Every structure is written in C-alpha cells, then in structure tokens.
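First comes the structure, then the notes that go with it.
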Amino acid sequence: MSSNDSAIGTALDRDTVRSTSRLLIGALAVVGVLSLVTLLPGVDRLVPFAPVTFAAVATGVVALAVAGILLYAAPKFALLTRLALDEADAEGDARPDRIAENAGGVVHWLVVFGAVLVAYRGLAGVAVPVLNGAAWAYDAAFLFVALVPVVFLVARLTVTVDPLAELVADRVAGGAGAANDDGAGDDDEVDDSAAEFDEPTASETGEDG
C-alpha cells in the first residue's frame, strides 16, 4: 500500500469514526432530553380524546428518532468493522477479506435489529392502548419486521463459518506443519551425515594395492 493510499484510508477511517460518534452522541442526547421530559408536571396525564399519556407519546417520538439514527448509522458501523479487520490483517489474503466483509454485514444487521427493538419498545405505550383488544397485531407486525434483519444476520454468519475455519486452520495447523517439515529435513541431514562418517574406508577393509 502506497503512502497516498494509507493517508486516504486514515482520513476515511477518521471521518467515519467522527460521523458515527456524532450520531451516537446525538442519540444519547435525545434519550437524555426524554428523561427530562418525563419529569415535567402533567406528563402522566392522558392526551385529550386518546387513551395514551403525554409521556407515552414523547417516548414514542424519541424511540422513532433513535431508531432512525441507528438505521442511518448501521452502514457506518459496518464500514468501521471492515476497516478495523483489514488493518488488523494486512497480508492480502482472500480469506481475511471475506471475513472482514461478512463481519461488517453482521454488525450492520445487528444494528438494524437493535433499531427495530427500540422502535418496538418505544411505540408500545402508544400502540397497545389504541389497539386495545387487537394488541396482538402490533406484536405480529414487529415480529415480521424483526425477522428481516435476523434472516440476513443468519445468512452472514453462515457464509463466515468456512473462511473463518480455514483461517484458524492455517494459523494453527499450518504453522505446526511447517515446523514439522523443517524438523524432518534437519533429521534427514543428520542421518546422511552420520551415514557418511560411518562408511568404512579402503584402508580399514584391507583392500590397499
């Protein structure tokens, strides 16, 4: 890798970390504002003409905001994971590249799954009282939505097993095999040297003319 490519990669890594950190700090700030809102007088009162409280509405709005931030940040988390794994192994092997790509996909879908759970928990206080006897529909809808990232997550994990197992085998068994081969070669050289020294000379056998 040239110095120019290294500088570009470092700048990309720094920009990605900065933007991702900004999103996380923003999400934490939104959650902190929600905690302050829940302390306001009267937030536990019901909204006029609705069976939900002001606090539940505020929680639902914040949950949607945090879920949106997580969905937006999911590709950035995946990119950071790939960059971290690529820098950890710079040998240029195809298997670490595939492992880094699949690990980035796993992180991406984990963040998406977390966003779905945040939305599910946050909107429950609004949706369940409104749906009343049909609250099961709320759970069923989020169940189908949550299955999407789970399916992609399982697919990514499945295709990661083989290259990861091959990499572990190369790192563990490959090094031991190389050491054994070297050892075998050394033993052969010792045996050949010993045979050369043990071979009798013509004077010792009495065959001098």
Side-chain angles (χ1 to χ4, degrees), residues 16-38 40 43-86 95-165 167:
T16 305
V17 171
R18 183 177 59 184
S19 59
T20 305
S21 301
R22 185 185 297 114
L23 291 173
L24 289 178
I25 294 171
L28 292 176
V30 171
V31 174
V33 170
L34 173 64
S35 63
L36 294 178
V37 170
T38 56
L40 294 175
V43 293
D44 55 344
R45 300 290 183 180
L46 292 176
V47 176
F49 310 106
V52 297
T53 63
F54 288 101
V57 174
T59 302
V61 172
V62 171
L64 287 178
V66 174
I69 292 174
L70 290 177
L71 290 176
Y72 182 78
K76 298 182 181 295
F77 281 111
L79 178 59
L80 285 176
T81 303
R82 289 194 295 268
L83 290 175
L85 293 179
D86 286 339
R95 283 189 294 270
D97 291 340
R98 285 188 295 165
I99 293 173
E101 181 67 25
N102 292 329
V106 169
V107 171
H108 178 274
W109 291 111
L110 276 176
V111 175
V112 172
F113 182 69
V116 174
L117 292 183
V118 168
Y120 170 74
R121 298 294 184 184
L123 295 174
V126 177
V128 173
V130 171
L131 293 174
N132 198 3
W136 60 268
Y138 176 78
D139 294 334
F142 270 94
L143 174 62
F144 285 111
V145 173
L147 283 176
V148 175
V150 169
V151 170
F152 282 102
L153 180 62
V154 171
R156 282 290 188 176
L157 290 174
T158 301
V159 298
T160 309
V161 172
D162 287 340
L164 186 59
L167 180 63

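Just so it is clear, the structure is predicted and the values come from calculations on it, not from any experiment.
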Taking only distance into account, with no hydrogens and no angle test, what donor-acceptor pairs under 3.5 Å do side-chain atoms of residues 56-78 form with protein atoms, sequence neighbours excluded?
{"from": "Thr59", "atom 1": "OG1", "to": "Ala55", "atom 2": "O", "distance (Å)": "2.8"}

Result block: side-chain N/O donor-acceptor pairs under 3.5 angstrom for residues 144-159, not counting sequence neighbours:
{"from": "Arg156", "atom 1": "NH1", "to": "Asn102", "atom 2": "OD1", "distance (Å)": "3.0"}
{"from": "Thr158", "atom 1": "OG1", "to": "Val154", "atom 2": "O", "distance (Å)": "2.7"}

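Remark: the backbone N or O of Tyr120 is paired with a side-chain donor or acceptor of Tyr138 at under 3.5 angstrom.
When all heavy atoms of Val52 and Gly125 are compared, the closest pair comes out as CG1-O, 3.8 Å. Nearest heavy atom pair, residue Ala135 against residue Val128, reads CB-CG1, 4.1 Å.
Val17 has its side chain within reach of Ser21: a pair of non-hydrogen atoms, C-beta onward, lies under 4.5 Å apart.
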